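Both backbone and side-chain heavy atoms feed into the values below; hydrogens, waters and symmetry mates do not. In this text the structure is predicted, and so the values were computed from the model without any measurement.
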Amino acid sequence: MVEIGVSSSGLVRKFVGKPRIWVGAVWCSIGLAWILLAVWGEPTPSRIVLGAIWLLLGILQVVVALLDRKNGRGFYQTGAVDETGEQH
């Protein structure tokens with residue numbers, strides 16, 4: 001019998017759920033674009049902070065998604081295969 005990966009129930013898992021890598025990459029792109037537009041336009045601290053928050057959330061999602069893929073958890077969890085070769 002194959003053991004299925006166990007998803008952690010920590011604070012980060014409750015915050016980001018089961019992210020995919022591309023979702024985190026999009027969030028990082030939005031944060032970076034927001035920071036660049038804030039710097040080129042009218043550089044107010046609130047705009048830069050908001051862009052940094054988007055960027056940090058994106059990085060967090062990418063890290064969690066990569067760890068999930070490495071350990072077979074979250075969205076990247078595979079089903080168990082029984083002795084007949086059928087996936088559940």
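One distance of note links CG of Asp68 with CZ of Arg20; it measures 12.0 Å at 0.5 Å rounding. Once rounded to the nearest 0.5 Å, the distance linking CG of Leu55 with CG of Leu32 reads 6.5 Å. Taken from CG in Asn71 to CG in Leu66, the straight-line distance is 11.0 Å, to the nearest 0.5 Å. Ile48 contributes atom CD1, which lies 12.5 Å from atom CD1 of Ile53 (distance to the nearest 0.5 angstrom). Distance check: Ile35 CD1 to Ile30 CD1 gives 12.5 Å after rounding to the nearest 0.5 Å.
When the side chains of ILVMFWY residues are joined at heavy-atom separations under 4.5 Å, either directly or via intervening members, Val49 and Leu60 end up in a single hydrophobic cluster. In terms of hydrophobic clustering, with Ile, Leu, Val, Met, Phe, Trp and Tyr side chains grouped at heavy-atom distances under 4.5 Å, Trp22 and Trp27 are assigned to a common cluster. Under a hydrophobic-cluster definition in which Ile, Leu, Val, Met, Phe, Trp and Tyr are linked whenever side-chain heavy atoms come within less than 4.5 Å, directly or via other members, Ile21 and Ile59 are assigned to different clusters. Under a hydrophobic-cluster definition in which Ile, Leu, Val, Met, Phe, Trp and Tyr are linked whenever side-chain heavy atoms come within less than 4.5 Å, directly or via other members, Val26 and Val63 are assigned to different clusters.
Closest approach of Pro19 to Gln61, counting heavy atoms only: CG-O, 3.7 Å. The two atoms that bring Glu42 and Arg47 nearest to each other are O-NH1, 3.6 Å, heavy atoms only.
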